[in-house]
2 protein chains.
Amino acid sequence: MIKQSKVTMKNLADELEISVSVVSRILSGKGAAYRISEETQKRVQETAAKRGFTVNQLARGLRLQRTHTIGLLMPDISNSIFSMIARSAEKAFRRNGYSTILCDTANDGEVEKQALGLLHDRSVDGILMAPVGGESQYIKAIFNHGFPIVLVDRFLDDLKIPYVTSNNYQGAYDGVLHLIDHGHRHIGFLQGIPDSKPSSERLRGYRQALQDHQIPFDARMVQGGKFEDHDGYISAQILLNYAERPTALFSCSSVAALGAMKACMEMNLRVPEDVSLIGFDEYPYASLLATPLTTIAQQTGALGEGASQMLLDWLDSGNPPESASVVLDTELHVRASVARVSNSEK
Amino acid sequence: MIKQSKVTMKNLADELEISVSVVSRILSGKGAAYRISEETQKRVQETAAKRGFTVNQLARGLRLQRTHTIGLLMPDISNSIFSMIARSAEKAFRRNGYSTILCDTANDGEVEKQALGLLHDRSVDGILMAPVGGESQYIKAIFNHGFPIVLVDRFLDDLKIPYVTSNNYQGAYDGVLHLIDHGHRHIGFLQGIPDSKPSSERLRGYRQALQDHQIPFDARMVQGGKFEDHDGYISAQILLNYAERPTALFSCSSVAALGAMKACMEMNLRVPEDVSLIGFDEYPYASLLATPLTTIAQQTGALGEGASQMLLDWLDSGNPPESASVVLDTELHVRASVARVSNSEK
DNA sequence: GTATTTTGCGCAAACGTTTGTTTGTTGGGT
DNA sequence: ACCCAACAAACAAACGTTTGCGCAAAATAC
């Protein structure tokens, strides 16, 4: 390998004995606009290609105050809902000439804060994120400075930050209703991060469904605090050890439902004969499970595409979208994890 | 919100009526070394904090020719093996003061090429990647220019690019042996991307195991070409429709095994009674499946940590690691997807 | 043949840092 | 009174681009 000096515009200019400005203009496609001769254009383009020139985005971004990069913050890419959102968003960004910096905040507020700083310092043009939890001063500060940011899945309701999310209230209501229709009266609720919108809205749907059917709400029935499988595992154990054991579990995430399923297995409780189970979010392999899991499916593709389009529009127009929120319907996918319970018991 | 001008070092300097150089030195912790008075240091630090100054990494990277950023290229983050590798690598990088740009190449060579360019143009300090396929001129070119790059899981063997991977040959051998020990003689092989090392090495293990037991190799038994669930689904359908139906399927990825499982279900073939199944890679919820899946587990954490450490060492020392490769053992996790087959048949 | 336009390109500043070098100001020693 | 350290901070160049403006030469117009 020949140790050749880094190939920059200055470098090319020196070699061709012209100035860097014409190199820049040619290589950014403005050759014609600045009436640079065909011959020079050819020469520059050819040697640029030969030397393998690529523009230094650091310098470019610095000069242009624009990086054509978007920050994408996901709380947990190992959760399929987020990996699917990430994928569709990234694709949309790429299609529009933006590249993406993806950060996994691991559902950790501190990491989220760091990542936000990282992205800001790297001068991304905008941010698409699913915040970890409820209160986030940094996010609000960013928004208040007019920085383009849109939220997906999880959102903050005390500020007009644009978002696209699912109808978590209705989805949960539908799911709990499904359980009630099957005779369940003792329904455990495995919540996600409590001060996140999806979790609180789902809880609201749960409570409303109970209330509409004259079932008293029992705070002890609400357990957990993360959207993770192990959290579901632990919470299910707590709930299923109650003297008056719930006959059904409603989980705020499908992975937590899987954790609960594991807990059931270990406690020798059959699903759904002994305990029925519903999970929010679709799970790709739900139908392959020992007990195919009944789920409340979100439109993951539409979530990612809607949110990214909102952000792209913002970046294009320079103004935040007026219709600041989109709420997508959910769909109950009935499989086999919910059984009818005889009304005889209690 | 007050429209305040962007807060830069120059800005702070003007406000405090000092020069930018002292601001820079103070804010990068070199105040003492350049004997800047305690008083000035305090003043600068306080107003910097008050104004919420953060350094512009574009400018910093441009000046320093170092960005403290590492590019992480994964072929498919929705596949748990890669999301786990990504997570452990990202954590290791963060711990060492590096931030990470994660790109999902979607198993697409073209996207991979673009992403590589993107990372290069953004002046990342190094790259950790699992290449999509076999031939990749860009990767070699990058390596040959002395750029720090290490491969994980999938590697290229015609160049001395450092990598850490699993012992795919032995893992597959063990798995196939397990099948043979259970009396299987017709074993379908669901391969991954054919010219990727993991797939080719696993195929080699498969063939060796067959040969060691006097089972003739039949090319028709090798199907598929991606590490994805739908690919496993299709390939399984092909194999299971053979007149002489295989009694077992060995899959190069657990998700493809799940696809195969789905195919079995739809064809009314029971696993493992009618067809046994083994999947490479651990699958987090393998034990919750209708038929708990027997797998060949890789040490995902060690893969990510080993590879990232290799890269970090390279960046620290400035030299590529001398021991250019690490190969980790796999472990057969026997669950319930392999059944004994009566030797009566054929 | 002079005045004007067109053509093709170069100059230099700016983006926000970092850092080697220089400058000015004290205070102490003689 | 004079020299020399030590101290505190400013200057200026550099990193690789982009772009408004300017300028010489060639082409056209009168």
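Side chains included, hydrogens not; waters and symmetry mates left out as well; all remaining heavy atoms used. Below, chains carry the letters A, B, ... as their sequence lines are ordered, and counting in each starts from 1.
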Legend entry - Expected output: side-chain B:N11 to main-chain B:K6 donor-acceptor under 3.5 Å: yes
Legend entry - side chain to side chain contact (heavy atoms under 4.5 Å, CB included) partners of A:A302, counting only residues at least two apart: A:Q299, A:L328
Inset, instruction - List in numerical order all residues of residues 38-50 of chain A for which some heavy atom is under 4.0 Å away from an atom belonging to DNA chain C. - result: A:T40
Legend entry - Counterpart residues, side chain to side chain contact (heavy atoms under 4.5 Å, CB included), relative to B:R122 (two or more places apart): A:Q57, A:T69, A:S99, B:I101, B:L118
Inset, instruction - Sequence neighbours left out, what passes side chain to side chain contact (heavy atoms under 4.5 Å, CB included) with B:S21? Give chain and number order. - result: B:S19, B:R25
Inset, instruction - Rounded off to whole Å, could you give me the CG-to-P distance for the B:N11 and C:dC15 pair? - result: 10 Å
Legend entry - B:R66 CZ - C:dT19 C1' separation (whole Å): 17 Å
Inset, instruction - Could you state the atom-to-atom distance from CZ of B:R60 to C1' of D:dA14 in whole Å? - result: 16 Å
Inset, instruction - Tell me, please, which residues at least two apart from B:F82 pass ring pair (Phe, Tyr, Trp, His ring centres under 6.0 Å). - result: none
Legend entry - Nearest-nucleotide 5' precedence on DNA chain C, B:V23 against A:A59: A:A59
Inset, instruction - Would you please confirm or rule out a distance under 4.0 Å between OP1 or OP2 of C:dG16 and any side-chain N or O of B:T8? - result: no
Legend entry - Of residues 114-126 of chain B, the positions that come close to DNA chain D - non-hydrogen atoms, cut-off under 4.0 Å: none
Donor-acceptor pairs under 3.5 angstrom involving side-chain atoms of residues 41-50 of chain A: please list them, not counting sequence neighbours.
{"from": "A:Q41", "atom 1": "NE2", "to": "A:I36", "atom 2": "O", "distance (Å)": "3.1"}
{"from": "A:T47", "atom 1": "OG1", "to": "A:R43", "atom 2": "O", "distance (Å)": "2.9"}
{"from": "A:T47", "atom 1": "OG1", "to": "A:V44", "atom 2": "O", "distance (Å)": "3.2"}

Inset, instruction - Please determine if a side-chain N or O atom of B:K6 lies less than 4.0 Å away from the OP1 or OP2 oxygen of C:dG16. - result: yes
Inset, instruction - Specify the separation, in whole Å, of atom CG of B:N56 and atom C1' of D:dC15. - result: 13 Å
Inset, instruction - Tell me what A:I18 touches on the nucleic acid: a base, only sugar-phosphate, or nothing, going by heavy atoms under 4.0 Å. - result: sugar-phosphate
Please tabulate, one pair per line, each protein N/O and nucleotide N/O from nucleotides 19-27 of chain D that are separated by under 3.5 Å, including the distance.
{"from": "D:dT19", "atom 1": "OP2", "to": "A:K30", "atom 2": "NZ", "distance (Å)": "2.5"}
{"from": "D:dG20", "atom 1": "O6", "to": "A:R25", "atom 2": "NH2", "distance (Å)": "2.7"}

Legend entry - Side-chain (B:S24) to main-chain (B:V20) donor-acceptor, under 3.5 angstrom: no
Inset, instruction - Please state whether the phosphate of C:dA14, meaning OP1 or OP2, lies under 4.0 angstrom from any side-chain nitrogen or oxygen of A:Q65. - result: no
Legend entry - Integer-rounded Å distance: C:dT7 C1' and A:I36 CD1: 11 Å
Inset, instruction - For B:L27 and C:dG16, give me the distance from atom CG to atom P, rounded to whole Å. - result: 15 Å
Legend entry - Separation of atom NZ in A:K10 from atom C1' in D:dA13, rounded to whole Å: 14 Å
Identify every side-chain donor-acceptor pair in residues 90-98 of chain A under 3.5 Å, counting partners at least two apart or on other chains, and give the distances.
{"from": "A:N96", "atom 1": "ND2", "to": "A:A92", "atom 2": "O", "distance (Å)": "2.8"}
{"from": "A:Y98", "atom 1": "OH", "to": "A:R66", "atom 2": "NH2", "distance (Å)": "2.8"}

Legend entry - Whole angstrom value for the distance that separates C1' of C:dA14 from CG of A:L62: 9 Å
Inset, instruction - Would you please say whether a donor-acceptor pair under 3.5 Å links the side chains of B:T54 and A:D121? - result: yes
Legend entry - Partners meeting side chain to side chain contact (heavy atoms under 4.5 Å, CB included) with A:P162 (sequence neighbours left out): A:F143, A:V150, A:M310, A:W314, A:P321
Inset, instruction - Would you list the pairs meeting ring pair (Phe, Tyr, Trp, His ring centres under 6.0 Å) in which at least one residue belongs to residues 39-62 of chain B, sequence neighbours left out? - result: none
Legend entry - Pair listing, ring pair (Phe, Tyr, Trp, His ring centres under 6.0 Å) test, anchored in residues 99-124 of chain A, at least two apart: none
